[in-house]
Amino acid sequence: MRKLRHEEISRPSMDEAKLLPKHPVTVVLDDVRSVYNVGAIFRTSDAVRIERVLITGITATPDNRGLHKTALGAQDSVPWRYMATAGEAASTLKSGGYTICALELTDAPTLTTRLPHSAFPVALVVGNELTGVSDPVLKQADYALEIPQYGIKQSLNVAVAFGIAVYDLVRIWRKHSQP
């Protein structure tokens with residue numbers, strides 16, 4: 001085994017990437033404070049080819065140069081839009097047929113592995129690093145997705161949690177959608 005050199009890694013061009021089919025997942029960033037978390041979420045969103053990122057509230061947009069440090073260009077390959085609140089974004093998506101999934105610890109958790117294929121398209125809402133997903137969004141949520149944790153902290157970095165959840169959602173979609 002050997003590590004691939006950068007030029008050996010196959011990747012589409014920006015123009016080709018825009019034509020590739022997207023997985024039916026939209027992420028809603030609900031007042032995410034750290035510009036670096038936002039950049040990392042863009043980078044992961046590009047890797048899994050989700051539909052788009054909806055940025056709300058105080059969350060930094062790709063216009064913020066600090067985001068570029070962790071996004072590494074993904075801010076240009078992933079469609080995004082700013083909306084005033086995550087509640088507004090969730091309402092819009094729900095009326096468009098999306099299942100709202102809050103990535104949050106609640107009294108009624110669902111593991112991503114238990115999410116039915118019929119739930120797609122999915123809006124995955126990721127909350128603020130301190131306060132989590134806002135109450136107006138939780139009231140609209142169809143599911144509260146929980147990542148099992150076995151340590152004492154019972155919390156993950158928001159970009160890490162997003163990565164785990166979105167890859168699992170894409171795995172579920174592909175398992176039932178691929179021949």
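All values below come from the heavy atoms of this structure, side chains included, with hydrogens, waters and symmetry mates left out.
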Do [X] and [Y] sit in one hydrophobic cluster, given that two such residues count as connected whenever their side-chain heavy atoms are within less than 4.5 Å of each other, even indirectly?
{"X": "I147", "Y": "W173", "answer": "yes"}
{"X": "V25", "Y": "V158", "answer": "yes"}
{"X": "L138", "Y": "L105", "answer": "no"}
{"X": "V38", "Y": "L156", "answer": "yes"}
{"X": "V78", "Y": "I55", "answer": "yes"}

Quick one: pull up [atom1] in [X] and [atom2] in [Y] and give me the separation to the nearest 0.5 Å.
{"X": "L54", "Y": "T59", "atom1": "CG", "atom2": "OG1", "answer": "11.0 Å"}
{"X": "L20", "Y": "E16", "atom1": "CG", "atom2": "CD", "answer": "7.5 Å"}
{"X": "I100", "Y": "Y143", "atom1": "CD1", "atom2": "OH", "answer": "12.0 Å"}
{"X": "Q140", "Y": "L93", "atom1": "CD", "atom2": "CG", "answer": "9.5 Å"}
{"X": "I58", "Y": "R33", "atom1": "CD1", "atom2": "CZ", "answer": "7.0 Å"}
{"X": "T26", "Y": "R52", "atom1": "OG1", "atom2": "CZ", "answer": "3.5 Å"}

Tell me the closest heavy-atom pair linking V27 and S45, and the distance in Å.
CG1-OG, 4.3 Å

Over all atoms of both residues, closest heavy-atom pair of E129 and N37
OE2-ND2, 2.9 Å

What's the verdict on side chain to side chain contact (heavy atoms under 4.5 Å, CB included) for C101 and L115, showing C-alpha distance, side-chain angles and the deciding distance?
CA-CA 10 Å; C101 296; L115 193 69; 4.2 Å; yes

Looking at side-chain heavy atoms only, is the closest gap between [X] and [Y] below 4.5 Å?
{"X": "Q75", "Y": "L67", "result": "yes"}
{"X": "L124", "Y": "V28", "result": "no"}
{"X": "I50", "Y": "K22", "result": "no"}
{"X": "T44", "Y": "F162", "result": "yes"}
{"X": "V122", "Y": "P24", "result": "no"}
{"X": "Y82", "Y": "P62", "result": "no"}
{"X": "L103", "Y": "V125", "result": "no"}
{"X": "M83", "Y": "T92", "result": "yes"}

Under 3.5 Å donor-acceptor, T110 side chain and L145 backbone
no

Counting distance only, does the side-chain N/O of E104 pair as donor-acceptor with the main-chain N or O of A144 below 3.5 Å?
no

Basic-acidic side-chain contact under 4.0 Å: E8, R2
yes

Any Lys/Arg nitrogen of R171 or D168 sitting under 4.0 Å from an Asp/Glu carboxylate oxygen of the other?
yes

Report yes or no: do [X] and [Y] form a side-chain donor-acceptor pair below 3.5 Å?
{"X": "D30", "Y": "N128", "answer": "no"}
{"X": "T106", "Y": "E146", "answer": "no"}
{"X": "S77", "Y": "D46", "answer": "yes"}

Testing E51, R49, R174 for side-chain hydrogen bond (donor to acceptor under 3.5 Å, both in side chains) with H23, which one passes?
R174

Can V35 and K69 be said to form a side chain to side chain contact (heavy atoms under 4.5 Å, CB included), step by step?
CA-CA 9 Å; V35 68; K69 183 174 183 171; over 6 Å; no

So with a 6.0 Å cut-off around CZ of R65, is the heavy-atom count from everything else above 12?
no

Show the numbers, then the answer: is there a side chain to side chain contact (heavy atoms under 4.5 Å, CB included) between L29 and T56?
CA-CA 6 Å; L29 302 182; T56 70; 5.6 Å; no

Run T85 and E88 through side chain to side chain contact (heavy atoms under 4.5 Å, CB included) and show every step you take.
CA-CA 5 Å; T85 68; E88 174 191 353; 3.2 Å; yes

Parallel, tilted or perpendicular, judged at 30° and 60°: which one describes the rings of W80 and F42?
perpendicular

